[in-house]
Amino acid sequence: MRQGVFLMTEEMNPIPGQAGEELNELMQARRDKLAAIIDKGIEPFGRHYEPTHHAQQVTDQFADLEGKTVRVAGRIMAIRGHGKAGFANLRDMSGQIQLYLRQDILGDDAYDVVHQFDLGDIIGAEGEVFRTRTGEVSIKVASVSFLTKSLRPLPEKWHGLKDVEIRYRQRYLDLIVNPDVQRAFLVRSKMIQALRRALDERGFLEVETPMMHAIAGGAAAKPFITHHNALDMKLYLRIAPELYLKRLIVGGFEKIYELNRVFRNEGISIKHNPEFTLLELYQAYGDYQTVMKLTEEVIAAVAQEVLGTTQISYQGQAIDLTPPWRRITMTDAVKQFAGVDFAAIKTLAEARKAADDNGVHYEPGHGIGGILNAFFEAKAEEHLVQPTFITRYPTEISPLAKRCQDDPEFTDRFEGFIFSREIANGFSELNDPMDQKERFLAQVAQRESGDAEAHMMDEDFVTALEYGMPPTGGLGIGIDRLAMFLTDSYSIRDVILFPHMRHRDTNEG
RNA sequence: GACCCACUAGCUCAGUCGGUAGAGCACCUGACUUUUAAUCAGGGAGUCGAUGGUUCGAGUCCAUCGUGGGUCACCA
């Protein structure tokens with residue numbers, strides 16, 4: 001067999017230079033230093049250290065700290081030797097601080113250890129805070145503690161790491177050498193914190209519902225399929241938590257949210273990752289107006305808290321998140337941007353002719369509502385740069401939303417758009433079990449005619465509605481996309497720590 | 001899934017017309033006690049993504065494959 005040990009090793013270790021390969025010159029040099037450190041009786045992979053300050057604090061509080069002794073810990077990012085003295089830049093989570101290392105202060109033995117330092121090593125240092133001749137706040141190191149030896153060379157200090165494949169596959173390297181990357185994920189983290197706080201303040205309760213579903217419902221999407229061995233049953237990774245959250249509204253919870261991952265078995269692009277983070281919330285006794293208002297308020301509040309402003313810039317485009325956002329019905333948007341008035345279109349034949357005349361693509365299964373939506377996506381969406389709510393979605397494409405009081409062909413539903421991208425989706429929840437059952441049946445029919453994204457029948461959900469669900473407003477917000485706007489990230493991969501990549505395989509044809 | 005582009009030292013990149021592979025940083029040796037992309041002198045480092053083909057000769061031309069990126073389609 002050609003698939004010997006070597007191929008197995010490659011497959012299990014997608015990172016170049018792993019065990020089994022010969023060490024290159026740079027790695028050998030580090031192993032040699034490792035041995036030298038061990039020879040001196042020092043543990044190269046340490047156990048414990050208690051820093052008194054972060055790097056940034058030392059700089060910020062220089063006036064108070066000058067002449068005082070501090071302990072810091074972090075990764076060595078630069079070394080500048082000067083014979084019997086030297087400088088090193090130490091990086092921790094807060095930033096960098098310069099260390100000044102002198103043989104006459106450290107002593108010969110300790111200074112020998114300093115000579116074994118490599119870029120990337122993690123050390124602790126204790127010493128007096130001072131300012132150098134050139135004005136840089138530094139620490140005159142009296143003692144160093146070796147905490148972790150780094151056995152691989154870091155990417156270059158000046159140009160950083162640019163190879164996007166390595167950046168995503170080995171995100172830790174990206175985080176070490178590209179400070180902006182860490183900042184983006186910090187913003188994402190704060191944004192999620194701010195969101196939770198905004199919802200908690202408004203009396204919402206965070207809940208957790210199953211990620212593995214026997215029936216994949218709550219959205220139009222292809223699910224990932226898995227299998228439970230003991231129960232010998234097919235399970236789907238959830239495409240949305242919606243149907244479980246509404247069961248909780250039936251159960252008596254009044255304001256709930258879930259902020260977690262959903263999984264959709266679809267293409268990957270700068271706007272799509274197979275798993276992404278979705279916020280869904282439900283407010284009993286509210287409607288789509290309630291949650292539409294909540295959407296603009298919460299997004300503006302989060303931007304204000306995280307960035308200090310509701311005026312953001314995305315890819316060079318100024319965007320004003322300040323409420324209230326523009327509101328326009330889908331029919332009016334199509335009329336405005338495509339010049340086609342669907343209020344005057346009463347038959348499928350007329351809708352199809354309008355689409356044909358305007359070069360709008362539609363599927364054979366589309367009704368008037370589906371064609372209206374196709375018009376909207378083809379002609380109107382691109383114009384929705386500033387935050388805009390599109391309302392009155394066709395019932396045909398909204399199987400879980402309540403019909404409008406004045407027209408059963410439309411629903412009390414909205415989607416929020418920023419920079420032409422859908423960022424929020426909300427509606428008055430359908431709580432009529434008989435209507436819901438009919439909508440499911442229509443979805444099942446579509447599914448049987450080949451639409452893999454149409455809903456499955458969920459009898460238990462209908463049963464829950466039969467016990468009675470109060471009128472409810474529901475909302476979903478795409479967290480990754482919101483993070484993209486707040487961090488001015490071009491690709492969704494830049495706000496997901498470990499975006500999905502193809503599995504690295506062996507090189508056999 | 002279709003099309004376009006990329007893949008050269010640990011990293012960032014050059015490489016002309018097809019003629020034995022280059023730079024900066026990093027690394028190694030030496031000098032240097034306030035430098036900061038430290039400096040100075042010397043040195044080592046490559047399966048040019050993989051496989052096949054054309055050719056006297058391929059990093060360079062051709063084909064297939066792999067991985068990544070982009071655009072489109074689908075989707076939030």
Side-chain angles (χ1 to χ4, degrees), chain A residues 10 14-17 21-30 32-33 77-89 96-106 111 118-120 130-138 140 150-169 173 176-178 219-222 239-240 262-280 361 363 377 415-417 421-425 451-453 476-482 484 490-493 499 501-509:
Chain A
E10 283 294 290
I15 309 308
E21 287 185 23
E22 285 181 26
L23 299 178
N24 72 28
E25 179 196 21
L26 300 178
M27 288 176 63
Q28 189 55 55
R30 284 169 182 250
D32 292 346
K33 288 182 181 175
M77 300 306 290
I79 299 174
R80 295 175 293 280
H82 292 263
K84 294 186 176 59
F87 294 90
N89 294 342
Q96 289 205 17
I97 184 78
Q98 178 170 266
L99 305 181
Y100 181 42
L101 303 141
R102 288 172 62 131
Q103 189 168 22
D104 59 0
I105 296 176
L106 283 158
Y111 202 70
D118 278 312
L119 300 188
F130 77 113
R131 203 188 278 277
T132 63
R133 184 186 295 164
T134 50
E136 177 151 349
V137 174
S138 307
K140 197 174 288 179
S150 168
L151 296 177
R152 288 174 182 271
L154 289 178
E156 203 221 1
K157 59 181 172 186
W158 190 245
H159 296 93
L161 181 66
K162 290 187 175 169
D163 183 323
V164 287
E165 185 172 357
I166 299 177
R167 286 188 48 220
Y168 297 145
R169 283 191 196 275
L173 283 180
I176 291 170
V177 302
N178 296 328
K222 291 182 212 117
I239 55 176
V262 298
F263 310 86
R264 299 188 184 176
N265 207 340
E266 282 147 7
I268 295 177
S269 79
I270 56 162
K271 289 179 284 184
H272 301 90
N273 195 60
E275 55 179 301
F276 64 100
T277 304
L278 183 64
L279 165 68
E280 279 203 10
H361 175 76
E363 299 294 331
E377 288 180 358
E415 285 195 359
F417 289 84
R421 294 182 187 165
E422 181 191 339
I423 192 151
N425 178 18
D451 182 356
E453 295 177 4
I477 294 178
I479 296 304
D480 310 276
R481 289 196 177 168
L482 188 58
M484 287 169 74
Y490 174 68
S491 170
I492 196 168
R493 294 186 191 91
M501 304 286 273
R502 195 180 298 267
H503 177 64
R504 273 266 180 89
D505 212 346
T506 53
N507 289 323
E508 48 190 336

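Basis for what follows: all heavy atoms, side chains included, without hydrogens, waters or symmetry-related copies. Every value quoted in this text rests on a predicted model; they were computed, and no experiment measured them. Here is the naming used below: chain letters follow the sequence lines, and residue numbers restart at 1 for every chain.
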Open item on the list: Once you apply a heavy-atom cut-off of 4.0 Å, does L278(A) come out as touching a base, just sugar-phosphate, or nothing?
Closed with: nothing
Open item on the list: Any strand counts, and the cut-off is 3.5 Å on both contacts for Watson-Crick or G-U wobble. Which nucleotide pairs with G1(B)?
Closed with: C72(B)
TODO: Just call it for L161(A): base, sugar-phosphate, or nothing, with non-hydrogen atoms closer than 4.0 Å on any strand.
DONE: sugar-phosphate
Open item on the list: As a test of reading the structure: which of C28(B), U33(B), G70(B) is closest to the side chain of Y100(A), going by heavy atoms?
Closed with: U33(B)
Task: Residue K84(A), side-chain heavy atoms: nucleotide from U33(B), G70(B), G68(B) that is nearest - done: U33(B)
TODO: Any chance you could measure S138(A), atom OG, to R131(A), atom CZ, to the nearest 0.5 Å?
DONE: 9.0 Å
Task: Nucleotide nearest R102(A) (side chain, heavy atoms from C-beta), chosen from U33(B), C28(B), U71(B) - done: U33(B)
Open item on the list: Counting only side-chain nitrogens and oxygens, does K140(A) get under 4.0 Å of the OP1 or OP2 atom of U34(B)?
Closed with: no
Open item on the list: Using a 4.0 Å heavy-atom cut-off, does I423(A) contact any base of the nucleic acid, only the sugar-phosphate backbone, or nothing at all?
Closed with: nothing
Task: Closest nucleotide among G69(B), U35(B), A76(B) to the R493(A) side chain - done: G69(B)
- [ ] Kindly write out the residues that satisfy side chain to side chain contact (heavy atoms under 4.5 Å, CB included) with R80(A), not counting sequence neighbours, or none if the list is empty.
- [x] A78(A), H82(A), F87(A), N89(A), Q98(A)
TODO: Decide side chain to side chain contact (heavy atoms under 4.5 Å, CB included) for K33(A) and D118(A); before the verdict, give the C-alpha distance in whole Å, the side-chain angles of both, and the deciding distance to 0.1 Å.
DONE: CA-CA 9 Å; K33(A) 288 182 181 175; D118(A) 278 312; 2.7 Å; yes
Open item on the list: On a heavy-atom basis, which atom in A221(A) and which in R264(A) lie closest, and how many Å separate them?
Closed with: CB-CD, 3.5 Å
Open item on the list: What's D163(A) touching, base or sugar-phosphate or nothing? Going by heavy atoms closer than 4.0 Å.
Closed with: sugar-phosphate
Open item on the list: Side chain of I270(A) only, heavy atoms from C-beta on: which candidate in U71(B), C27(B), C25(B) is closest?
Closed with: U71(B)
Task: Among G10(B), C74(B), G68(B), the one nearest K222(A) by side-chain distance - done: C74(B)
Open item on the list: Within the 4.0 Å heavy-atom criterion, would you say E453(A) contacts the bases, only the backbone, or no part of the nucleic acid?
Closed with: sugar-phosphate
TODO: Taking R152(A) for its side chain and M27(A) for its backbone only, find out whether a donor-acceptor pair lies under 3.5 Å.
DONE: no
TODO: Evaluate whether the aromatic ring of F276(A) and the six-membered ring of the A76(B) base sit under 5.5 Å apart, centre to centre, with an inclination under 30°.
DONE: yes
Task: Among C28(B), U67(B), C25(B), the one nearest A29(A) by side-chain distance - done: C28(B)
- [ ] Just call it for E422(A): base, sugar-phosphate, or nothing, with non-hydrogen atoms closer than 4.0 Å on any strand.
- [x] sugar-phosphate
Open item on the list: Using a 4.0 Å heavy-atom cut-off, does G160(A) contact any base of the nucleic acid, only the sugar-phosphate backbone, or nothing at all?
Closed with: sugar-phosphate
TODO: Indicate the atoms forming the closest heavy-atom contact of E275(A) with N273(A), along with that distance.
DONE: O-ND2, 2.9 Å
Task: Nearest to side-chain heavy atoms of E25(A), which nucleotide of A38(B), U71(B), A45(B) - done: A45(B)
Task: Nearest listed nucleotide, side chain of H82(A), among U12(B), A76(B), U35(B) - done: U35(B)
- [ ] Give the nucleotide from the list U35(B), C11(B), G70(B) with an atom nearest to the side chain of Y490(A).
- [x] G70(B)
Open item on the list: Counting distance alone, no hydrogens or angles: does the base of U35(B) have a donor or acceptor under 3.5 Å from a partner atom on the side chain of Q98(A)?
Closed with: yes
Open item on the list: Can you work out whether S491(A) or A424(A) has the more 5'-proximal nearest nucleotide on RNA chain B?
Closed with: S491(A)
